[in-house]
Amino acid sequence: MNNELRQEQERLDNVVETITEQIGKLEDETGRRRKEVVHIQKHFWDEVKVNTDTFDDYLETIIGLRQQAQALTVSQSTHRHASNRQSVLQRMHKAPYFGRIDFTEEGTQTAEKIYIGISTLTDTSGENFLIYDWRAPVSSVYYDYPPGPAEYTTPGGVIQGKLEKKWQYIIRAGVVESMFDTSLTIGDEILQQVLGKGTDKHMHSIVATIQQEQNRIIRHVSGRLLIVQGAAGSGKTSAAMQRIAYLLYKYRDRLKADQIILFSPNSMFNSYVSNVLPELGEENMQQVTFQEYLYHRLSNAFQVEDPYEQLEYVLTATEDPSHRTRTESIRFKASALFFETIKTYSQSLELSGMIFKGIKFRGKPLVSAKQIAERFYSSDTSLRFHNRIEKLTEWLNERIDEMEKSELTKSWVQEEIELLSKDEYQKAYTYLQKKHGYKEDMLDDYEKEIQVLGRMIVRKKLKPLRKWVRTLRFVNFTEIYKQLFSNPARIKLWMAGKTPEEWEDICLLTMNMMDEGKLFYEDATPFLLLKEQIQGFQTNTSIKHVLIDEAQDYSPFQFEFLKRLFPSAKMTVLGDFNQAIFVHASEMADFHTLTGLYGPDETDAIILSRSYRSTKPITEFTRGLVPDGERITAFERDGEKPVLTQLSDRAELHRRIASTVADFRQRGYNTIAIICKSAAESTYAYEALGSVEEIKLVKSSSIEYEQGVVVIPAYLAKGIEFDAVIIYDASAQVYGDESLRRLFYTACTRALHHLQLYSAGEPSPFLQNVPPESFILSLT
């Protein structure tokens with residue numbers, strides 16, 4: 001083995017030397033390209049002769065401008081490509097590869113040694129591969145097969161052969177520290193080393209430790225919808241990020257990073273995963289939260305509640321008389337039944353029920369709401385809904401045109417002209433020259449001058465009105481949506497199923513909220529769908545892949561909406577129903593209800609049951625918290641058992657937490673989370689623990705994922721992991737209601753190495769099903 005290690009080191013030295021040479025060449029190239037870009041930008045107009053005297057001169061100018069712009073684009077693109085490649089090689093310099101397969105292709109006698117790393121590397125001739133990209137077709141053998149018969153798919157067909165051996169390497173700073181002969185899976189030795197490390201503020205690439213089931217997710221390309229149901233810590237999000245990198249590699253000739261969008265749970269999560277793709281030499285995809293999309297579309301009309309405000313109300317306002325009504329409202333408005341109801345209702349509006357706003361100019365009616373409605377319902381009803389709306393806007397613009405002519409002779413126009421200052425007059429004169437090409441002599445005649453200036457003033461005054469019409473502000477979307485709730489009995493006209501028992505109270509609650517100019521989170525997507533059904537759906541066809549993380553937090557209604565929003569996209573949804581903490585989760589027992597989105601033939605599902613995040617003792621503890629937890633398999637990584645400490649009062653609780661934080665810091669933990677049930681409890685805990693040095697409070701508005709000691713609500717900690725987790729108060733008083741079981745499970749599964757639970761009083765009943773031997777009980 002020592003001889004083999006020596007040979008491997010010699011090869012590694014040669015590879016590192018090649019990388020060093022290529023980095024040197026790229027440094028020269030990026031420097032030269034940078035100078036080119038700066039030079040072109042600095043002297044852009046020097047190289048172009050601007051001449052518009054004749055058509056030929058004008059054409060020559062346009063061609064010159066286009067050539068300069070193209071030269072700049074090429075230089076910028078080349079510089080960016082070289083710079084990205086340089087960045088990848090610098091990452092490869094210390095550890096060029098992590099694995100190797102010895103593969104004998106069918107029809108050949110000798111095995112080829114194929115080394116696998118984060119990117120391809122060839123020798124100076126460019127013909128011999130020193131390293132294969134982990135996304136290359138042949139690399140799939142490394143992740144998918146034990147030694148024996150194996151195959152991989154290329155654009156030219158399936159290549160069959162025999163996998164002789166599979167190796168893993170631990171390489172640090174250009175030294176082969178060890179190599180392992182692995183058989184069935186990626187070696188646990190390396191995985192244990194990776195998982196045993198402390199966390200930092202970013203998620204990292206997992207290409208060296210991708211497991212076979214994760215590789216299925218990454219390389220999946222068939223169908224429209226891929227559903228990934230995975231236990232907490234099973235690597236769903238990591239696999240999703242590597243999947244994006246794989247898609248960008250496989251379809252690099254026709255897929256760009258900005259054609260992929262990731263819907264993530266919150267802005268802090270965006271920061272957490274922002275490093276993964278750049279580590280692999282790829283640009284980041286678009287990232288957005290569903291709330292950000294809703295806010296972008298609706299904030300001009302309403303103050304829109306965000307999902308965490310909704311959840312905070314559900315968790316903390318249990319004594320509110322309207323609490324039951326509100327929770328039933330959330331469930332109903334999240335359902336596929338309500339989605340169909342909105343569609344049926346919008347179709348009924350083609351015959352009656354549209355509500356419009358009248359149009360006024362200078363305080364006087366131009367067209368009344370009644371006239372607009374009469375015009376709409378007397379027009380060609382065979383046209384599509386949004387085409388009828390377009391015809392209506394054309395008619396309204398014609399009315400504005402007629403009014404413009406009549407307003408020119410009104411006295412207010414003359415008054416406006418007389419009130420023009422010299423500066424305003426000069427600006428008007430310059431504007432007319434540029435916009436309409438008026439010559440100087442056209443404004444010499446006083447009557448002509450008055451006529452021209454009058455037209456300009458009237459058009460300027462009418463501009464906001466034209467925009468009002470163009471943006472369909474004359475359609476009263478708010479009242480149209482409220483019409484669904486104004487008479488509780490009327491919904492039966494549009495709904496095929498039963499309304500909730502609290503329907504009348506739900507209607508009143510919704511109307512009152514909208515009267516205040518506010519919109520419940522559960523109303524935001526239905527309101528937007530109704531608006532889209534009327535004005536024509538604003539689809540995004542440029543997006544080719546949509547990934548939805550923490551998908552259990554989305555309602556059937558929202559999934560239906562997203563399908564229509566991105567009609568050209570494939571969809572990957574990742575989630576865990578054991579972490580389904582929102583009220584509407586009850587509308588989806590599991591992800592199989594999503595097969596109706598694109599049909600069973602276009603849908604695939606992959607289940608990840610092995611948890612890698614936590615130590616084996618922590619996983620064995622947490623799986624006892626949820627039904628069917630025995631299906632979750634723990635990874636063999638040893639550690640300390642979780643500790644449950646029962647205390648009698650809050651003062652002692654805070655003293656013990658402060659002491660535990662100090663102990664965790666001494667152990668060298670980088671991230672320590674004190675996890676609370678809600679934002680309200682987090683604020684209370686943060687203030688009570690003020691003596692803890694550099695403690696931070698995480699809020700729903702937090703953008704950056706913080707290291708150190710944080711106090712955080714359980715629902716914001718989703719998708720993130722911490723070296724050590726302290727459950728602030730695991731008592732029956734805080735976690736007594738069955739509806740909080742999944743929230744409690746989510747909080748406990750954030751821990752990598754250590755889990756400490758405190759209970760001020762009797763512990764939560766959720767712990768009754770946890771095997772007593774899986775944790776240490778401490779009574780003080």
Side-chain angles (χ1 to χ4, degrees), residues 91 94-95 170-173 175 177-178 188-206 208-209 232-233 235 238 268 271-276 279 611-622 634-645 653-676 685-686 689-698 702 704-712 716-717 719-728 747-758 775-776 778:
R91 276 192 289 274
K94 292 181 180 179
I170 295 178
I171 298 172
R172 290 193 180 92
V175 176
E177 292 191 355
S178 57
D188 284 353
E189 297 94 336
I190 289 183
L191 195 49
Q192 283 171 347
Q193 285 194 32
V194 171
L195 296 172
K197 291 179 181 177
T199 61
D200 62 21
K201 64 188 293 183
H202 294 296
M203 175 184 282
H204 293 280
S205 156
I206 61 162
T209 57
S238 294
M268 188 173 64
S271 161
Y272 181 58
V273 301
S274 63
N275 214 38
V276 178
E279 270 192 3
S611 179
Y612 298 97
R613 174 186 295 133
S614 306
T615 60
K616 186 176 181 181
I618 292 174
T619 302
E620 288 181 340
F621 170 82
T622 55
F635 177 68
E636 290 289 340
R637 181 165 68 88
D638 202 11
E640 299 173 32
K641 288 182 180 181
V643 178
L644 169 63
T645 304
L653 170 69
H654 297 136
R655 190 186 69 76
R656 293 294 293 272
I657 289 177
S659 174
T660 302
V661 168
D663 177 52
F664 285 159
R665 276 176 161 159
Q666 273 196 330
R667 296 189 190 197
Y669 291 147
N670 295 323
T671 54
I672 302 164
I674 301 162
I675 301 184
C676 302
Y686 173 72
L689 295 166
S691 62
V692 177
E693 190 179 344
E694 295 183 352
I695 191 169
K696 305 178 188 81
L697 176 63
V698 178
S702 299
E704 189 79 12
Y705 170 59
E706 298 275 8
Q707 283 191 273
V709 182
V710 298
V711 182
I712 185 171
L716 286 182
I720 299 174
E721 56 194 28
F722 305 90
D723 290 334
V725 164
I726 298 169
I727 302 299
Y728 174 71
C748 293
T749 54
R750 300 305 95 201
L752 272 89
H753 311 303
H754 200 105
L755 175 61
Q756 168 71 58
L757 301 93
Y758 285 104
F775 66 99
I776 297 168
S778 172

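Quick note: numbers below take in every heavy atom, side chains included, and nothing from hydrogens, waters or symmetry partners.
- Remark: Thr615 pairs with Pro617, Ile618, Arg637 by the side chain to side chain contact (heavy atoms under 4.5 Å, CB included) rule, at least two apart or across chains.
- Legend: residues meeting side chain to side chain contact (heavy atoms under 4.5 Å, CB included) with Lys94, ordered by chain and number and at least two apart, are absent.
- In this view, Tyr728 and His654 satisfy the ring-ring contact (aromatic ring centres under 6.0 Å, His included) rule, not counting sequence neighbours.
- Contact annotation: the side chain of Leu755 never approaches that of Ile726 to less than 4.5 Å [non-hydrogen atoms, C-beta and beyond].
- Between the side chains of Tyr758 and Thr660, a donor-acceptor pair is found at a separation under 3.5 Å.
- With rounding to the nearest 0.5 angstrom, the OG1 atom of Thr622 is 9.5 Å from the CZ atom of Arg613.
- Taking Phe775 as the reference, Phe621, Pro642, Leu644, Val770, Leu777 meet the side chain to side chain contact (heavy atoms under 4.5 Å, CB included) condition, with sequence neighbours excluded.
- Using a 4.5 Å heavy-atom threshold, the side chains of Ile675 and Arg750 count as touching.
- Note: Ile695 CD1 to Tyr686 OH = 7.5 Å, rounded to the nearest 0.5 Å.
- Annotation: side chain of Thr645 is in contact with side chain of Gln756 (closest heavy-atom distance under 4.5 Å).
- A heavy-atom distance below 4.5 Å is not found between the side chains of Val710 and Ile674.
- Side-chain atoms of Glu693 and Arg665, non-hydrogen and from C-beta on, do get closer than 4.5 Å to each other.
- Taking the six-membered ring where tryptophan is involved, the planes of Tyr669 and His754 are tilted, since the angle between them lies from 30° to 60°.
- Between Phe722 and Ile672 the shortest side-chain heavy-atom distance does not fall below 4.5 Å.
- Under a 3.5 Å cut-off, the side chain of Ser178 and the backbone N or O of Ile170 do not form any donor-acceptor pair.
- With sequence neighbours left out, Arg655 forms a salt bridge (charged side-chain N to carboxylate O under 4.0 Å, His left out) with Glu652.
- For the atom pair SG of Cys676 and CG of Leu716, the computed distance is 11.0 Å after rounding to the nearest 0.5 Å.
- When all heavy atoms are compared, the tightest approach of Ala747 to Ile727 is CB-CD1, 3.7 Å.
- Residues satisfying the side chain to side chain donor-acceptor pair (under 3.5 Å) criterion with Glu177, sequence neighbours excluded, are Arg172.
- To the nearest 0.5 angstrom, Ile712 atom CD1 is 12.0 Å from Lys696 atom NZ.
- Under the 3.5 Å distance criterion, the side-chain polar atoms of Ser614 are left unmatched by any main-chain donor or acceptor of Thr619.
- Looking at heavy atoms from C-beta onward, Val661 lies out of side-chain contact with Asp663 at the 4.5 angstrom threshold.
- Atom OG of Ser691 sits about 10.5 Å away from atom CD1 of Ile657, to the nearest 0.5 Å.
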